[in-house]
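Take a look at the structure set out below.
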Amino acid sequence: MENKKSNFSEWYNEVIEISGLSDKRYPIKGMNVWMPYGLKAMQNIDRTIRESVDSRNFQEVQFPVLITRDQLSVEFEHVKGFEKEVFWVTRGGMEPLEVEMALRPTSEAAMYGMFSLWVRSHADLPLRLYQIVNVYRYETKHTRSFIRIREIHFFEAHTAHDSYEDSERQMRQYMDIWGEISSRLCLPFEVHQRPDWDKFPGAKYTLAFDTLLPGGRSLQIGTIHQYGTNFSKTYDIKYLKDDGGHEYANQTTFGLSERLLAAVIGIHGDDHGLIFPPDVAPTQVVIVPIPSKKVDVDSFAKEVQQKLLSQGFRCTTDDRENYTPGFKYNDWEMRGVPMRIEIGEREVTSGTAVLVSRHDRKKTKAPIEDVAAWTSTILQGIKDALTDKANKYFRENMHHICNLDDLAKTEGFVIAGWCGERECAEKIEERYEFGTLGISPDDSEEKSCIVCGKPGRNGTFSRSY
Ligand code: ZN
């Protein structure tokens, strides 16, 4: 396998292919096939998302994939931001369509016409809906599995509120939801308010969650948007107030995608392959029996598997014939299973099992009656270790600089004084291919701009995917 540190890009492609996550040989560029193992991992990520939003009274919906050109309301800033990236459907069978339709690039236009029918009085608010569907972008740049693709596996939450204050409360709740999801995936991140020229089209402001992949490039893995009344005015989402007047609803959205899986792969894996956090792993525990002529290893292994399954662990036994235990260890390590259990003659005789954690290969001998409790402890330990390791790399690659020339030799996040003007950001961007991630909402320290010297705040810049 490629060396992850020195050849991250090649390592990333290789590990996705050999571990069976997705197959990019499908004849349409950027539309890859989800293989069973990759799909299970993504479904586990979706489950963490669903658990977090369902517990906060969001309701799941599914809207159609087609949106008419009228629904996209061409005059609106939102659409201008998307038009070049949209797949258009222009024919039904042999007939040209009277109204062109788009494959949804995101679902504001699909949903908000319906919201205007559903929202009548302030008793209908807040409205909190989400869907997990595919969205489509006519991507012309170089595509990359789970990072830059044309058919995107997308979580989108959409809300409507009876005041701006309530929609701001929603924005804060998104931060809590995101905190839960990112910690289950063991992913470090920084929040950046995107500059106005890079915010979501039609939004008042956009907050993005940025993480860092090996090689020092940042990856945007989630966004939340405050729309205010920008969309409700376009789509006529109004509610009746107590005093008989009408008011436009305030709206927000929250978006996530399979980039979460990309970050999990890129951040946690090593030179032996994937390392899945326990909440993501399709298989959390694999039992590898070591054949013996003296004792019945297989039925002992089945007994251990039953104990773990009954406690809710995703556990399987690798009873493939014609493969050595050593081959199986490597195979499951490559596929990122967080823990394996080795059971041979000695374990059967002594009523024990050997538990091996994937990330550090540490072995623990546990009595069979305690194997579920030990599994729980070890999986939690793996989660903590992955989080610590990821945080360490993340912190080590945040660099404060005071001089433009320092950019040349810096990777990761570069933090520098910035006046907020586009002109100055572009001077930073063009010289060293950096992008402007924006300012951190929690950092109000005053700093003079590294380009023009005017007063400003800390801005964050990076090369990014
Ligand atoms: Zn400046």
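Side-chain atoms of D54 and Y130 form a donor-acceptor pair, as typed in the model, at a separation below 3.5 Å. T206 and H225 share a side-chain donor-acceptor pair at under 3.5 Å. Remark: the D46 side chain and the H153 side chain contain an N/O donor-acceptor pair separated by less than 3.5 Å. Side-chain contact of N458 with K447: a donor-acceptor pair under 3.5 Å is present, judged by distance alone. Looking at S163 and D166, their side chains never bring a donor and an acceptor atom within 3.5 Å of each other. E180 and S52 share a side-chain donor-acceptor pair at under 3.5 Å. With no hydrogens or angles considered, a side-chain donor-acceptor pair links T436 and E429 at under 3.5 Å. Side-chain contact of D242 with H122: a donor-acceptor pair under 3.5 Å is present, judged by distance alone. In this model, no donor atom of one side chain and acceptor atom of the other lie less than 3.5 Å apart for E190 and S440. Side-chain contact, H399 with T410: no donor N or O sits under 3.5 Å from an acceptor N or O. Judged by distance alone, the side chains of T159 and T252 do bring a donor and an acceptor atom under 3.5 Å apart. A donor-acceptor contact closer than 3.5 angstrom links the side chains of Q131 and S107. Side chains of D384 and Q380: a donor on one and an acceptor on the other come within 3.5 Å.
When atom types are taken as modelled, the side chain of R457 and the backbone of D443 share a donor-acceptor pair closer than 3.5 angstrom. For the pair N7 (side chain) and E10 (backbone), a donor-acceptor distance under 3.5 Å is absent. Under the 3.5 Å distance criterion, the side-chain polar atoms of R104 are matched with a main-chain donor or acceptor of P64. Not one N or O on the side chain of S357 forms a donor-acceptor pair closer than 3.5 Å with the backbone of D360. Counting only distance, with no hydrogens or angles, the side chain of Q284 and the backbone of A281 share no donor-acceptor pair below 3.5 Å. With hydrogens and angles ignored, the 3.5 Å screen pairs no side-chain donor or acceptor of H161 with any backbone N or O of Q170. In terms of modelled atom types and a separation under 3.5 Å, the side chain of E14 and the main chain of E2 share a donor-acceptor contact. Remark: side-chain polar atoms of K4 are paired, donor with acceptor, to backbone N or O of G266 under 3.5 angstrom. A distance-only check finds no donor-acceptor pair linking the side chain of N44 to the backbone of A41 [under 3.5 Å]. R184 places no side-chain N or O within 3.5 Å of a backbone atom of I49 that could act as its donor or acceptor partner.
Surrounding CD of E396 are more than 12 heavy atoms belonging to other residues, nucleotides or ligands, all under 6.0 Å away. Within a 6.0 Å sphere centred on NZ of K383, other residues, nucleotides and ligands contribute more than 12 heavy atoms. By the neighbour-count criterion of 12 heavy atoms within 6.0 Å, atom NZ of K241 is densely surrounded, having more than that number from other residues, nucleotides or ligands. With a 6.0 Å radius and a threshold of 12 heavy atoms from other residues, nucleotides or ligands, Q173 has its CD atom above the threshold. Residue-environment remark: NZ (K392) stays at or below the threshold of 12 foreign heavy atoms within 6.0 Å. Y465 OH: more than 12 foreign heavy atoms inside a 6.0 Å radius. The number of heavy atoms from other shown groups lying within 6.0 Å of CD (E433) does not exceed 12.
P282 places a side-chain heavy atom less than 4.5 Å from the side chain of F276. Contact of the V133 side chain with the E156 side chain is registered, since non-hydrogen atoms from C-beta on lie closer than 4.5 Å. Counting only heavy atoms from C-beta outward, the side chains of V61 and M111 approach each other to under 4.5 Å. Inter-residue side-chain proximity for R358 and L274 is flagged as unmet; no heavy-atom pair is nearer than 4.5 Å. Between E83 and R69 the shortest side-chain heavy-atom distance falls below 4.5 Å. Side-chain atoms of F209 and M175, non-hydrogen and from C-beta on, do get closer than 4.5 Å to each other. Here the side chains of E333 and R340 are in contact, with some heavy-atom distance below 4.5 Å. Counting heavy atoms from C-beta on, the side chains of K199 and Y205 never come closer than 4.5 Å.
The nearest pair of heavy atoms linking W11 to G273 is CZ2-O, 3.7 Å. Taking all atoms of both residues into account, the shortest heavy-atom contact from I16 to S19 is O-OG, 3.7 Å. Heavy atoms only, all atoms of each residue included: L379 and P338 are closest at CD2-CB, 4.0 Å. Across P188 and F394, no two heavy atoms sit closer than the pair CB-CG, 3.7 Å. In terms of heavy-atom proximity, S73 sits nearest to T234 at OG-CG2, 3.6 Å. Nearest heavy atoms, G202 versus N230: O-ND2, 3.0 Å.
By the 30° and 60° cut-offs, the orientation of the rings of Y235 relative to F231 is parallel. Ring planes of Y227 and F200: parallel class, angle under 30° (limits at 30 and 60°).
Of the inter-residue distances, the one linking L212 atom CG with N397 atom CG reads 5.5 Å to the nearest 0.5 angstrom. To the nearest 0.5 Å, atom CG of residue N134 and atom CG of residue L103 are 10.5 Å apart. Atom-to-atom distance recorded for L308:CG and T316:OG1 is 11.5 Å, nearest 0.5 angstrom. Atoms CZ and OH, from F254 and Y174 in turn, are 8.0 Å apart once rounded to the nearest 0.5 Å.
Y37 carries R335 over the face of its six-membered ring, with the cationic atom under 6.0 Å from the centre and within 45° of the normal.
A salt bridge is defined here as a Lys NZ or Arg NE, NH1 or NH2 lying under 4.0 Å from an Asp or Glu carboxylate O, and D198 with R422 fails to meet this definition.
Aromatic pair W34/Y26: centroids not less than 6.0 angstrom apart. Between F434 and F461, the distance separating the two ring centers is not shorter than 6.0 angstrom. In this structure, the ring of F115 has its center no less than 6.0 angstrom from the ring center of Y239.
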> Please walk me through it: do I147 and L213 pass side chain to side chain contact (heavy atoms under 4.5 Å, CB included)?
Replying inline: CA-CA 11 Å; I147 290 181; L213 294 190; 4.1 Å; yes
>> Applying side chain to side chain contact (heavy atoms under 4.5 Å, CB included) to V191 and D442, what does each step give before you reach the verdict?
In response: CA-CA 9 Å; V191 186; D442 301 328; 5.7 Å; no
>> Is there a side chain to side chain contact (heavy atoms under 4.5 Å, CB included) between L256 and F154? Walk through the geometry before answering.
In response: CA-CA 6 Å; L256 299 168; F154 197 50; over 6 Å; no
>> Under the criterion side chain to side chain contact (heavy atoms under 4.5 Å, CB included), I'd like the reasoning laid out for D271 against M1: C-alpha separation, chi angles, the key distance, then a yes or no.
In response: CA-CA 7 Å; D271 288 347; M1 180 167 291; over 6 Å; no
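Of the residues L185, L219, T211, the one that meets the side chain to side chain contact (heavy atoms under 4.5 Å, CB included) test with L260 is L185. Applying side chain to side chain contact (heavy atoms under 4.5 Å, CB included) to I45 and the options L261, I181, D279 leaves one that passes, L261.
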